[in-house]
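For reference, the structure is listed below as C-alpha coordinates.
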Amino acid sequence: MFIILALVLVASSIPPENHALTTKMTKDLKVVVSSNDYPASGLKVLQEHFTVLQSKYNHYGKEGITENQEELMKIIPGASALVWISHHPITKELLDRAGPQLKIVSTVSAGYNHCNVPELKARGIKLSNTPEVLSSAVAEIAVSLILGAARRFTENLDQVRRGEWEIGFQKTLGQDVRGSTVGVIGLGGIGQATVKRLAGFEVERFLYTGHREKPEAKALNAEFVSLDNLLSQSDFIVLAVPLTDETRHMINKTTIAKMKKNAIIVNVGRGDLIDQEALYDALKNGDIYAAGLDVTTPEPLPKDHKLLSLPNIFILPHIGSATERTRSDMGVLAANNVIRALTGKPLLTPVLE
Ligand SMILES: O=C(O)C(=O)CO
(Lines give C-alpha, C1' and ligand atoms only; values in the text may rest on other atoms or scores of the structure.)
Protein backbone atom coordinates (compact mmCIF):
# COMPACT_ATOMS: atom_id res chain seq x y z
CA MET A 1 0.00 0.00 0.00
CA PHE A 2 2.80 2.35 1.00
CA ILE A 3 4.71 1.54 -2.21
CA ILE A 4 1.64 2.27 -4.38
CA LEU A 5 1.07 5.58 -2.54
CA ALA A 6 4.74 6.53 -3.01
CA LEU A 7 4.55 5.73 -6.75
CA VAL A 8 1.43 7.86 -7.17
CA LEU A 9 3.10 10.76 -5.35
CA VAL A 10 6.27 10.53 -7.49
CA ALA A 11 4.25 10.30 -10.73
CA SER A 12 2.11 13.30 -9.85
CA SER A 13 5.18 15.41 -9.05
CA ILE A 14 6.46 15.17 -12.65
CA PRO A 15 5.41 18.35 -14.46
CA PRO A 16 2.91 17.57 -17.22
CA GLU A 17 5.15 18.95 -20.01
CA ASN A 18 7.65 16.14 -19.32
CA HIS A 19 5.06 13.52 -20.15
CA ALA A 20 5.12 12.23 -23.71
CA LEU A 21 1.46 11.62 -24.42
CA THR A 22 0.69 8.12 -25.59
CA THR A 23 -0.80 7.58 -29.02
CA LYS A 24 -4.05 6.60 -27.38
CA MET A 25 -4.16 9.97 -25.60
CA THR A 26 -3.19 11.98 -28.70
CA LYS A 27 -5.92 10.27 -30.75
CA ASP A 28 -8.33 12.43 -28.78
CA LEU A 29 -6.65 15.47 -30.27
CA LYS A 30 -7.91 16.89 -33.52
CA VAL A 31 -5.50 18.10 -36.18
CA VAL A 32 -6.85 20.07 -39.15
CA VAL A 33 -5.06 20.01 -42.50
CA SER A 34 -6.00 23.07 -44.52
CA SER A 35 -5.97 21.67 -48.04
CA ASN A 36 -6.59 18.45 -49.97
CA ASP A 37 -3.11 18.31 -51.47
CA TYR A 38 -1.02 17.72 -48.37
CA PRO A 39 1.56 14.98 -49.11
CA ALA A 40 0.49 11.42 -48.21
CA SER A 41 3.75 10.92 -46.29
CA GLY A 42 2.90 13.75 -43.88
CA LEU A 43 -0.71 12.64 -43.56
CA LYS A 44 0.40 9.13 -42.61
CA VAL A 45 2.58 10.50 -39.79
CA LEU A 46 -0.28 12.62 -38.47
CA GLN A 47 -2.86 9.83 -38.72
CA GLU A 48 -0.70 7.49 -36.63
CA HIS A 49 -1.09 9.90 -33.71
CA PHE A 50 -4.13 12.11 -34.11
CA THR A 51 -7.63 12.37 -35.40
CA VAL A 52 -7.04 14.22 -38.66
CA LEU A 53 -9.62 16.30 -40.48
CA GLN A 54 -8.58 17.45 -43.92
CA SER A 55 -10.22 20.06 -46.11
CA LYS A 56 -11.60 18.60 -49.31
CA TYR A 57 -10.55 21.75 -51.18
CA ASN A 58 -7.30 23.12 -52.45
CA HIS A 59 -6.35 26.76 -51.84
CA TYR A 60 -5.51 27.52 -55.43
CA GLY A 61 -7.54 24.77 -57.05
CA LYS A 62 -10.50 25.14 -59.37
CA GLU A 63 -12.77 25.45 -56.35
CA GLY A 64 -11.05 28.71 -55.38
CA ILE A 65 -10.23 30.11 -51.98
CA THR A 66 -13.79 30.89 -50.88
CA GLU A 67 -15.00 27.30 -50.79
CA ASN A 68 -11.97 26.32 -48.79
CA GLN A 69 -12.51 29.16 -46.33
CA GLU A 70 -16.08 27.97 -45.77
CA GLU A 71 -14.92 24.38 -45.39
CA LEU A 72 -12.23 25.40 -42.89
CA MET A 73 -14.74 27.32 -40.80
CA LYS A 74 -16.71 24.07 -40.56
CA ILE A 75 -13.87 21.69 -39.67
CA ILE A 76 -11.62 23.92 -37.58
CA PRO A 77 -13.54 24.16 -34.25
CA GLY A 78 -11.81 22.15 -31.54
CA ALA A 79 -8.50 21.75 -33.44
CA SER A 80 -5.35 21.41 -31.36
CA ALA A 81 -3.14 21.94 -34.41
CA LEU A 82 -3.46 23.46 -37.85
CA VAL A 83 -1.28 22.16 -40.66
CA TRP A 84 -1.29 25.09 -43.00
CA ILE A 85 -0.68 24.65 -46.69
CA SER A 86 -0.29 27.55 -49.07
CA HIS A 87 -0.29 31.23 -48.23
CA HIS A 88 -3.87 31.82 -47.26
CA PRO A 89 -3.84 34.25 -44.28
CA ILE A 90 -4.30 33.03 -40.72
CA THR A 91 -6.96 35.46 -39.56
CA LYS A 92 -8.22 36.29 -36.05
CA GLU A 93 -11.57 34.92 -37.18
CA LEU A 94 -9.99 31.55 -38.01
CA LEU A 95 -8.18 31.44 -34.67
CA ASP A 96 -11.35 32.35 -32.76
CA ARG A 97 -13.21 29.68 -34.65
CA ALA A 98 -10.54 27.08 -33.81
CA GLY A 99 -10.86 27.81 -30.09
CA PRO A 100 -8.55 28.24 -27.08
CA GLN A 101 -7.20 24.66 -27.19
CA LEU A 102 -5.24 25.45 -30.38
CA LYS A 103 -1.54 24.85 -29.59
CA ILE A 104 0.27 25.14 -32.90
CA VAL A 105 0.09 26.38 -36.46
CA SER A 106 2.49 24.33 -38.56
CA THR A 107 2.89 26.04 -41.92
CA VAL A 108 4.11 23.81 -44.75
CA SER A 109 6.34 26.54 -46.17
CA ALA A 110 9.52 28.37 -45.32
CA GLY A 111 7.81 31.76 -45.56
CA TYR A 112 5.39 32.67 -42.79
CA ASN A 113 4.34 36.19 -43.74
CA HIS A 114 0.74 34.88 -44.02
CA CYS A 115 0.71 33.57 -40.44
CA ASN A 116 -0.11 36.69 -38.40
CA VAL A 117 2.79 36.20 -35.97
CA PRO A 118 1.78 38.97 -33.48
CA GLU A 119 -1.69 37.45 -33.10
CA LEU A 120 -0.32 33.92 -32.58
CA LYS A 121 2.17 35.30 -30.06
CA ALA A 122 -0.54 37.18 -28.16
CA ARG A 123 -2.55 33.97 -27.91
CA GLY A 124 0.42 31.80 -26.91
CA ILE A 125 0.07 29.61 -30.02
CA LYS A 126 3.27 28.06 -31.38
CA LEU A 127 4.33 28.47 -35.00
CA SER A 128 6.66 26.26 -37.01
CA ASN A 129 7.74 26.41 -40.66
CA THR A 130 9.71 24.16 -43.05
CA PRO A 131 13.01 25.87 -43.89
CA GLU A 132 16.17 24.10 -45.13
CA VAL A 133 14.41 21.01 -46.57
CA LEU A 134 13.39 23.17 -49.52
CA SER A 135 16.57 25.21 -49.98
CA SER A 136 18.05 23.11 -52.78
CA ALA A 137 14.78 22.91 -54.76
CA VAL A 138 14.22 26.67 -54.51
CA ALA A 139 17.88 27.33 -55.38
CA GLU A 140 17.46 25.22 -58.53
CA ILE A 141 14.59 27.51 -59.51
CA ALA A 142 16.70 30.61 -58.75
CA VAL A 143 19.36 29.25 -61.13
CA SER A 144 16.65 28.44 -63.71
CA LEU A 145 15.34 32.00 -63.50
CA ILE A 146 18.83 33.42 -63.89
CA LEU A 147 19.33 31.37 -67.04
CA GLY A 148 15.79 31.88 -68.30
CA ALA A 149 15.96 35.66 -67.96
CA ALA A 150 19.57 36.00 -69.14
CA ARG A 151 19.06 33.78 -72.21
CA ARG A 152 15.66 35.29 -73.03
CA PHE A 153 13.64 32.11 -72.72
CA THR A 154 10.32 33.96 -73.01
CA GLU A 155 11.11 35.43 -76.42
CA ASN A 156 12.86 32.29 -77.60
CA LEU A 157 10.03 29.97 -76.53
CA ASP A 158 7.62 32.28 -78.24
CA GLN A 159 9.56 31.88 -81.49
CA VAL A 160 9.41 28.10 -81.15
CA ARG A 161 5.66 28.18 -80.49
CA ARG A 162 5.06 30.45 -83.48
CA GLY A 163 7.26 28.26 -85.68
CA GLU A 164 9.16 31.38 -86.71
CA TRP A 165 12.72 30.93 -85.58
CA GLU A 166 14.93 33.93 -86.03
CA ILE A 167 17.89 32.94 -88.20
CA GLY A 168 21.21 34.75 -87.96
CA PHE A 169 24.35 35.19 -85.94
CA GLN A 170 23.09 38.23 -84.06
CA LYS A 171 19.69 36.79 -83.21
CA THR A 172 18.11 37.36 -79.77
CA LEU A 173 21.40 37.52 -77.85
CA GLY A 174 21.48 37.08 -74.10
CA GLN A 175 23.86 37.72 -71.20
CA ASP A 176 26.59 35.48 -69.79
CA VAL A 177 26.67 34.24 -66.22
CA ARG A 178 30.39 33.54 -66.73
CA GLY A 179 32.44 36.48 -65.49
CA SER A 180 29.42 38.17 -63.88
CA THR A 181 28.81 39.57 -60.40
CA VAL A 182 25.93 37.91 -58.61
CA GLY A 183 24.43 39.76 -55.64
CA VAL A 184 22.25 37.84 -53.20
CA ILE A 185 19.89 39.76 -50.95
CA GLY A 186 19.46 37.39 -47.98
CA LEU A 187 22.20 34.77 -47.64
CA GLY A 188 20.07 32.29 -45.67
CA GLY A 189 19.56 28.65 -46.60
CA ILE A 190 18.15 29.40 -50.07
CA GLY A 191 20.68 32.16 -50.81
CA GLN A 192 23.57 29.91 -49.82
CA ALA A 193 22.25 26.97 -51.85
CA THR A 194 21.94 29.28 -54.86
CA VAL A 195 25.55 30.46 -54.56
CA LYS A 196 26.75 26.84 -54.22
CA ARG A 197 24.92 25.87 -57.40
CA LEU A 198 26.21 28.87 -59.32
CA ALA A 199 29.82 28.21 -58.32
CA GLY A 200 30.27 26.00 -61.39
CA PHE A 201 29.19 28.81 -63.73
CA GLU A 202 32.49 30.74 -63.44
CA VAL A 203 30.89 33.69 -61.65
CA GLU A 204 33.52 36.38 -61.04
CA ARG A 205 32.18 37.73 -57.71
CA PHE A 206 29.47 36.84 -55.26
CA LEU A 207 28.14 39.70 -53.12
CA TYR A 208 25.53 39.51 -50.43
CA THR A 209 23.73 41.82 -48.07
CA GLY A 210 21.53 41.43 -45.02
CA HIS A 211 21.36 42.41 -41.38
CA ARG A 212 24.73 40.94 -40.54
CA GLU A 213 27.70 39.03 -41.97
CA LYS A 214 27.18 35.27 -42.22
CA PRO A 215 29.91 32.86 -41.11
CA GLU A 216 28.97 30.53 -44.01
CA ALA A 217 29.88 33.26 -46.55
CA LYS A 218 33.62 32.65 -46.25
CA ALA A 219 33.47 29.14 -47.68
CA LEU A 220 31.26 30.45 -50.48
CA ASN A 221 33.65 33.30 -51.34
CA ALA A 222 30.80 35.75 -50.90
CA GLU A 223 31.58 39.35 -49.87
CA PHE A 224 29.35 41.23 -47.45
CA VAL A 225 28.43 44.64 -48.89
CA SER A 226 25.85 47.36 -48.30
CA LEU A 227 22.57 47.13 -50.21
CA ASP A 228 23.59 50.15 -52.31
CA ASN A 229 26.89 48.56 -53.30
CA LEU A 230 25.17 45.31 -54.16
CA LEU A 231 22.61 47.12 -56.32
CA SER A 232 25.16 49.18 -58.20
CA GLN A 233 27.70 46.39 -58.80
CA SER A 234 25.65 43.27 -59.54
CA ASP A 235 24.77 41.87 -62.96
CA PHE A 236 22.33 39.47 -61.30
CA ILE A 237 20.37 40.40 -58.18
CA VAL A 238 18.75 37.46 -56.41
CA LEU A 239 16.03 38.14 -53.84
CA ALA A 240 15.96 35.40 -51.21
CA VAL A 241 14.72 37.30 -48.16
CA PRO A 242 11.50 36.82 -46.20
CA LEU A 243 8.71 39.32 -46.74
CA THR A 244 8.46 41.68 -43.76
CA ASP A 245 7.47 45.32 -43.28
CA GLU A 246 11.13 46.14 -43.83
CA THR A 247 11.55 44.21 -47.09
CA ARG A 248 8.17 44.97 -48.70
CA HIS A 249 8.82 46.80 -52.00
CA MET A 250 12.56 46.91 -51.32
CA ILE A 251 12.92 46.79 -55.10
CA ASN A 252 11.27 50.05 -56.17
CA LYS A 253 11.86 53.06 -58.43
CA THR A 254 14.68 54.34 -56.20
CA THR A 255 16.53 51.05 -55.78
CA ILE A 256 16.10 50.14 -59.45
CA ALA A 257 17.70 53.49 -60.38
CA LYS A 258 20.88 52.31 -58.62
CA MET A 259 21.18 49.16 -60.76
CA LYS A 260 23.28 48.60 -63.87
CA LYS A 261 21.53 48.81 -67.24
CA ASN A 262 22.28 45.13 -67.85
CA ALA A 263 21.00 44.08 -64.40
CA ILE A 264 18.76 41.04 -64.13
CA ILE A 265 16.49 40.75 -61.07
CA VAL A 266 15.52 37.29 -59.85
CA ASN A 267 12.87 36.79 -57.16
CA VAL A 268 12.32 33.50 -55.32
CA GLY A 269 11.08 35.16 -52.10
CA ARG A 270 7.67 36.80 -52.25
CA GLY A 271 6.02 38.93 -54.92
CA ASP A 272 5.69 41.93 -52.61
CA LEU A 273 9.46 42.31 -52.29
CA ILE A 274 9.14 44.12 -55.62
CA ASP A 275 7.04 47.13 -56.52
CA GLN A 276 5.76 45.60 -59.76
CA GLU A 277 4.73 48.96 -61.25
CA ALA A 278 8.31 50.17 -60.94
CA LEU A 279 9.61 46.86 -62.32
CA TYR A 280 7.28 47.07 -65.29
CA ASP A 281 8.42 50.61 -66.12
CA ALA A 282 12.09 49.70 -65.78
CA LEU A 283 11.78 46.65 -68.03
CA LYS A 284 9.65 48.49 -70.58
CA ASN A 285 12.07 51.46 -70.76
CA GLY A 286 15.17 49.24 -70.84
CA ASP A 287 16.48 50.72 -67.56
CA ILE A 288 17.45 47.15 -66.59
CA TYR A 289 17.89 44.11 -68.81
CA ALA A 290 15.41 41.50 -67.57
CA ALA A 291 13.69 39.83 -64.64
CA GLY A 292 12.98 36.25 -63.63
CA LEU A 293 10.17 35.73 -61.11
CA ASP A 294 8.90 32.64 -59.34
CA VAL A 295 6.66 34.78 -57.14
CA THR A 296 4.32 37.62 -58.04
CA THR A 297 1.52 39.73 -56.63
CA PRO A 298 -1.11 38.44 -56.95
CA GLU A 299 -0.78 34.69 -57.42
CA PRO A 300 -1.92 33.45 -59.82
CA LEU A 301 -1.00 36.43 -61.99
CA PRO A 302 -4.00 37.18 -64.26
CA LYS A 303 -3.23 36.21 -67.84
CA ASP A 304 -3.82 39.77 -69.05
CA HIS A 305 -1.44 41.27 -66.44
CA LYS A 306 0.82 43.83 -68.04
CA LEU A 307 4.02 42.14 -66.81
CA LEU A 308 3.13 39.27 -69.13
CA SER A 309 3.15 41.59 -72.11
CA LEU A 310 6.89 42.16 -71.70
CA PRO A 311 9.39 40.11 -73.69
CA ASN A 312 12.19 40.54 -71.13
CA ILE A 313 10.55 38.80 -68.19
CA PHE A 314 10.55 35.09 -67.41
CA ILE A 315 7.81 34.08 -64.97
CA LEU A 316 7.16 30.75 -63.30
CA PRO A 317 4.02 29.93 -61.26
CA HIS A 318 5.61 29.73 -57.77
CA ILE A 319 7.18 26.30 -58.19
CA GLY A 320 10.25 26.90 -55.98
CA SER A 321 9.72 23.93 -53.68
CA ALA A 322 7.50 21.94 -56.05
CA THR A 323 9.36 18.64 -56.42
CA GLU A 324 8.00 15.32 -55.18
CA ARG A 325 10.80 14.78 -52.71
CA THR A 326 10.88 18.31 -51.33
CA ARG A 327 7.13 18.59 -50.88
CA SER A 328 7.11 15.20 -49.13
CA ASP A 329 9.96 16.30 -46.83
CA MET A 330 8.09 19.53 -46.04
CA GLY A 331 4.93 17.56 -45.24
CA VAL A 332 6.72 15.19 -42.87
CA LEU A 333 8.62 18.00 -41.14
CA ALA A 334 5.36 19.90 -40.60
CA ALA A 335 3.76 16.75 -39.13
CA ASN A 336 6.70 16.14 -36.81
CA ASN A 337 6.46 19.70 -35.53
CA VAL A 338 2.81 19.05 -34.67
CA ILE A 339 3.70 15.86 -32.78
CA ARG A 340 6.35 17.73 -30.84
CA ALA A 341 4.08 20.63 -29.97
CA LEU A 342 1.29 18.34 -28.80
CA THR A 343 3.58 16.10 -26.76
CA GLY A 344 5.40 18.93 -25.00
CA LYS A 345 8.71 18.67 -26.87
CA PRO A 346 10.67 21.52 -28.50
CA LEU A 347 9.78 22.19 -32.13
CA LEU A 348 12.24 21.07 -34.81
CA THR A 349 11.95 24.31 -36.77
CA PRO A 350 10.33 26.91 -34.53
CA VAL A 351 9.26 30.37 -35.53
CA LEU A 352 7.40 30.99 -32.27
CA GLU A 353 7.76 28.71 -29.29
O1 LIG B 1 8.02 27.61 -48.70
C2 LIG B 1 7.83 28.72 -49.17
O3 LIG B 1 7.67 29.71 -48.46
C4 LIG B 1 7.80 28.87 -50.62
O5 LIG B 1 7.31 29.85 -51.11
C6 LIG B 1 8.41 27.81 -51.44
O7 LIG B 1 8.37 28.03 -52.80
Side-chain angles (χ1 to χ4, degrees), residues 33-35 37-39 41-42 58-61 65 82-90 104-117 120 127-146 148-149 184-197 210 238-248 250-251 265-274 276 291-301 314-338 347-352:
V33 175
S34 74
S35 159
D37 62 353
Y38 179 57
S41 49
N58 174 323
H59 283 297
Y60 289 131
I65 287 175
L82 301 181
V83 175
W84 208 250
I85 297 161
S86 181
H87 307 123
H88 184 51
I90 302 273
I104 178 168
V105 173
S106 174
T107 183
V108 195
S109 60
Y112 51 85
N113 50 295
H114 55 292
C115 289
N116 203 345
V117 175
L120 293 180
L127 174 65
S128 60
N129 66 342
T130 59
E132 303 304 332
V133 288
L134 49 60
S135 294
S136 59
V138 180
E140 285 168 10
I141 288 301
V143 174
S144 307
L145 291 170
I146 286 175
V184 180
I185 303 185
L187 197 69
I190 293 169
Q192 289 171 33
T194 304
V195 171
K196 272 186 204 150
R197 276 149 189 79
V238 180
L239 301 175
V241 271
L243 177 66
T244 62
D245 289 343
E246 185 191 353
T247 60
R248 189 177 309 276
M250 70 183 304
I251 301 301
I265 301 175
V266 162
N267 190 3
V268 289
R270 286 289 178 265
D272 273 340
L273 295 174
I274 299 181
Q276 289 180 176
L293 312 178
D294 186 42
V295 284
T296 58
T297 303
E299 290 178 8
L301 200 63
F314 178 54
I315 303 185
L316 294 172
H318 201 154
I319 57 167
S321 62
T323 69
E324 288 177 14
R325 176 176 168 189
T326 298
R327 286 280 159 92
S328 173
D329 289 350
M330 291 165 75
V332 171
L333 176 55
N336 282 328
N337 274 318
V338 168
L347 299 177
L348 295 167
T349 44
V351 177
L352 266 181

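Remember, it's 1-based here, ligands and their atoms both numbered in the order they're listed.
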(request) If you have a sec, work out which protein heavy atom is nearest atom 6 (C) of ligand 1 and how many Å separate them, to one decimal? (result) Ser321 OG, 3.5 Å
(request) Verify, without hydrogens or angle tests, whether Gln276 (side chain) and Thr296 (backbone) share a donor-acceptor contact under 3.5 angstrom. (result) no
(request) Please confirm whether the backbone N or O of Arg270 pairs with a side-chain atom of Asn267, one donor and one acceptor, at under 3.5 Å? (result) yes
(request) Output every pair passing side chain to side chain donor-acceptor pair (under 3.5 Å) with a member in residues 322-332, not counting sequence neighbours, ordered by first then second residue. (result) Ser41-Ser328, Ser321-Arg327, Thr323-Thr326
(message) If we set the cut-off at 4.0 Å for heavy atoms, which region of Leu134 has an atom near ligand 1: side chain, backbone, both, or neither?
(response) side chain
(request) Kindly indicate whether the side chain of Thr130, heavy atoms from C-beta on, has any atom under 4.5 Å from the side chain of Thr349. (result) no
(request) Output yes when the distance from some N or O of ligand 1 to some N or O of Arg270 is under 3.5 Å, and no in every other case. (result) yes
(message) If I apply the N/O under 3.5 Å rule, does Ala110 come out as touching ligand 1?
(response) yes
(request) Please could you name the atoms of ligand 1 that His318 approaches to less than 4.0 Å, counting only its heavy atoms? (result) 4 (C), 5 (O), 6 (C), 7 (O)
(message) Would you say OH of Tyr112 has more than 12 non-hydrogen atoms from neighbouring residues, nucleotides or ligands within 6.0 angstrom?
(response) no
